[in-house]
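Report on the structure given below.
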Amino acid sequence: MNLVTLGAWTAIIAFSVVSLFQIALIAGAPWGEYAFGGQHKGKLPTSFRVGSAFTLLLYVGIVGHYLAQVGVFTKFLDAGLNGIANWALVVLNVFSLLANSLTQSQKEKTIWAPVAFVILLASLLVAIG
(Lines give C-alpha, C1' and ligand atoms only; values in the text may rest on other atoms or scores of the structure.)
Protein backbone atom coordinates (compact mmCIF):
# COMPACT_ATOMS: atom_id res chain seq x y z
CA MET A 1 0.00 0.00 0.00
CA ASN A 2 1.45 3.37 -0.98
CA LEU A 3 1.23 6.54 1.13
CA VAL A 4 -1.59 8.07 -0.94
CA THR A 5 -3.72 4.97 -0.45
CA LEU A 6 -2.86 4.85 3.25
CA GLY A 7 -3.77 8.52 3.64
CA ALA A 8 -7.02 8.14 1.72
CA TRP A 9 -8.16 5.09 3.70
CA THR A 10 -7.22 6.78 6.96
CA ALA A 11 -9.29 9.81 5.98
CA ILE A 12 -12.19 7.60 4.89
CA ILE A 13 -12.26 5.77 8.20
CA ALA A 14 -11.81 8.91 10.30
CA PHE A 15 -14.47 10.92 8.45
CA SER A 16 -16.81 7.93 8.66
CA VAL A 17 -16.39 7.78 12.44
CA VAL A 18 -16.94 11.53 12.74
CA SER A 19 -20.01 11.13 10.51
CA LEU A 20 -21.42 8.57 12.93
CA PHE A 21 -20.90 11.10 15.72
CA GLN A 22 -22.78 13.72 13.69
CA ILE A 23 -25.63 11.26 13.10
CA ALA A 24 -25.81 10.65 16.84
CA LEU A 25 -25.95 14.41 17.50
CA ILE A 26 -28.71 14.83 14.90
CA ALA A 27 -30.65 12.00 16.56
CA GLY A 28 -30.40 13.75 19.93
CA ALA A 29 -27.49 12.03 21.66
CA PRO A 30 -26.57 13.99 24.81
CA TRP A 31 -23.07 14.85 23.59
CA GLY A 32 -23.37 18.60 23.13
CA GLU A 33 -20.27 19.20 25.25
CA TYR A 34 -18.22 17.45 22.57
CA ALA A 35 -19.34 19.62 19.66
CA PHE A 36 -19.70 23.23 18.53
CA GLY A 37 -17.45 24.62 21.24
CA GLY A 38 -19.08 22.57 23.98
CA GLN A 39 -21.56 25.33 24.78
CA HIS A 40 -24.53 22.98 25.14
CA LYS A 41 -24.62 20.21 27.73
CA GLY A 42 -26.78 17.26 26.80
CA LYS A 43 -28.78 17.26 23.59
CA LEU A 44 -27.99 19.98 21.07
CA PRO A 45 -30.66 22.57 20.28
CA THR A 46 -32.42 22.11 16.94
CA SER A 47 -30.39 24.78 15.14
CA PHE A 48 -27.14 23.02 16.06
CA ARG A 49 -28.58 19.65 15.05
CA VAL A 50 -29.35 21.19 11.65
CA GLY A 51 -25.71 22.33 11.59
CA SER A 52 -24.68 18.74 12.28
CA ALA A 53 -26.82 17.64 9.32
CA PHE A 54 -24.99 20.05 7.00
CA THR A 55 -21.66 18.89 8.45
CA LEU A 56 -22.69 15.30 7.82
CA LEU A 57 -23.46 16.06 4.17
CA LEU A 58 -20.05 17.68 3.79
CA TYR A 59 -18.34 14.65 5.36
CA VAL A 60 -20.23 12.24 3.10
CA GLY A 61 -18.98 14.21 0.10
CA ILE A 62 -15.42 14.16 1.44
CA VAL A 63 -15.59 10.40 2.01
CA GLY A 64 -16.83 10.02 -1.57
CA HIS A 65 -13.91 12.09 -2.82
CA TYR A 66 -11.38 9.94 -0.97
CA LEU A 67 -13.11 6.74 -2.11
CA ALA A 68 -12.55 8.01 -5.65
CA GLN A 69 -8.88 8.55 -4.84
CA VAL A 70 -8.48 4.84 -4.06
CA GLY A 71 -10.53 3.73 -7.07
CA VAL A 72 -13.73 2.63 -5.32
CA PHE A 73 -15.64 5.38 -7.17
CA THR A 74 -14.87 6.97 -10.51
CA LYS A 75 -13.19 10.35 -10.21
CA PHE A 76 -15.45 13.16 -11.42
CA LEU A 77 -12.65 15.70 -11.58
CA ASP A 78 -9.80 15.88 -14.06
CA ALA A 79 -6.27 15.60 -12.66
CA GLY A 80 -5.83 19.36 -12.19
CA LEU A 81 -9.12 19.91 -10.39
CA ASN A 82 -8.59 16.75 -8.37
CA GLY A 83 -5.28 18.13 -7.11
CA ILE A 84 -6.93 21.44 -6.23
CA ALA A 85 -9.66 19.57 -4.34
CA ASN A 86 -7.04 17.57 -2.43
CA TRP A 87 -5.21 20.74 -1.37
CA ALA A 88 -8.51 22.46 -0.51
CA LEU A 89 -9.23 19.57 1.85
CA VAL A 90 -5.82 20.05 3.47
CA VAL A 91 -6.68 23.72 4.09
CA LEU A 92 -10.11 22.76 5.46
CA ASN A 93 -8.44 20.26 7.78
CA VAL A 94 -5.95 22.87 9.01
CA PHE A 95 -8.92 25.03 10.06
CA SER A 96 -10.59 22.01 11.64
CA LEU A 97 -7.46 21.26 13.68
CA LEU A 98 -7.21 24.90 14.76
CA ALA A 99 -10.89 25.03 15.77
CA ASN A 100 -10.66 21.78 17.71
CA SER A 101 -7.41 22.81 19.39
CA LEU A 102 -8.60 26.28 20.39
CA THR A 103 -12.09 25.39 21.60
CA GLN A 104 -13.10 26.37 25.13
CA SER A 105 -14.44 22.85 25.66
CA GLN A 106 -11.77 20.63 27.17
CA LYS A 107 -13.88 17.57 26.34
CA GLU A 108 -14.14 18.56 22.69
CA LYS A 109 -10.43 19.40 22.52
CA THR A 110 -9.39 16.10 24.11
CA ILE A 111 -11.46 13.97 21.74
CA TRP A 112 -11.43 15.85 18.45
CA ALA A 113 -8.07 17.65 18.24
CA PRO A 114 -6.17 14.34 17.86
CA VAL A 115 -8.72 13.12 15.30
CA ALA A 116 -8.38 16.39 13.38
CA PHE A 117 -4.59 16.03 13.45
CA VAL A 118 -4.76 12.50 12.02
CA ILE A 119 -7.18 13.65 9.32
CA LEU A 120 -4.89 16.56 8.45
CA LEU A 121 -1.91 14.23 8.07
CA ALA A 122 -3.97 11.80 6.00
CA SER A 123 -5.21 14.56 3.68
CA LEU A 124 -1.66 15.87 3.34
CA LEU A 125 -0.44 12.43 2.23
CA VAL A 126 -3.11 12.34 -0.45
CA ALA A 127 -2.42 15.89 -1.64
CA ILE A 128 1.36 15.40 -1.80
CA GLY A 129 0.97 12.11 -3.62
Using residues 9-29 as the side-chain source, report each donor-acceptor pair under 3.5 Å to any protein atom, sequence neighbours left out, with the distance given to one decimal.
residue	atom	partner	partner atom	Å
Thr10	OG1	Leu6	O	2.7
Ser16	OG	Ile12	O	2.7
Ser19	OG	Phe15	O	2.7
Gln22	OE1	Ser52	OG	2.8

- Task: Treat each ILVMFWY residue as a node, draw an edge where side-chain heavy atoms are under 4.5 Å apart, and state whether Val94 and Leu97 are in one component.
- Result: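 Yes, same cluster.
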
- Item | Inter-residue atom distance Arg49.CZ - Thr55.OG1, 0.5 Å rounding |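 Spacing of CZ (Arg49) from OG1 (Thr55) equals 14.0 Å.
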
- Lys107 side, atom NZ; Glu33 side, atom CD - distance, nearest 0.5 Å: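 Going from NZ on Lys107 over to CD on Glu33, the span is 3.5 Å.
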
- Considering all heavy atoms of both residues, which atom of Glu108 and which atom of Thr103 are nearest to each other, and what is their separation?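 Looking at all heavy atoms of both residues, the closest pair is OE1-OG1, 2.9 Å.
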
- What residues, two or more places apart in sequence or in another chain, satisfy ring pair (Phe, Tyr, Trp, His ring centres under 6.0 Å) together with Phe36?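 Per chain and number, Phe36 pairs via ring pair (Phe, Tyr, Trp, His ring centres under 6.0 Å) with Phe48.
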
Just list the side-chain donor-acceptor pairs under 3.5 Å for residues 56-66, sequence neighbours left out, or say none.
residue	atom	partner	partner atom	Å
His65	NE2	Gln69	NE2	3.4
His65	NE2	Asn86	OD1	2.6

- Query: Can you name the salt bridge (charged side-chain N to carboxylate O under 4.0 Å, His left out) partners of Lys43, sequence neighbours left out?
  - Reply: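 For Lys43 there are no salt bridge (charged side-chain N to carboxylate O under 4.0 Å, His left out) partners, ignoring immediate neighbours.
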
- Determine, stepwise, if the pair Lys109 / Asn100 fulfils side-chain contact (heavy atoms from CB on, under 4.5 Å). CA-CA 5 Å; Lys109 187 182 303 187; Asn100 283 291; over 6 Å; no

- Message: For the backbone of Gln106 and the side chain of Thr110, can you confirm whether one donor and one acceptor N or O come within less than 3.5 Å of each other?
- Response: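 Checked: pair present.
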
Can you give the donor-acceptor pairs under 3.5 Å from side chains of residues 70-79 to other protein atoms, not counting sequence neighbours?
residue	atom	partner	partner atom	Å
Asp78	OD1	Gly80	N	3.1
Asp78	OD1	Leu81	N	2.8

In residues 111-129, what donor-acceptor pairs under 3.5 Å come from side-chain atoms, sequence neighbours left out?
residue	atom	partner	partner atom	Å
Trp112	NE1	Tyr34	O	3.0
Ser123	OG	Asn93	ND2	3.2
Ser123	OG	Ile119	O	3.3
Ser123	OG	Leu120	O	2.9

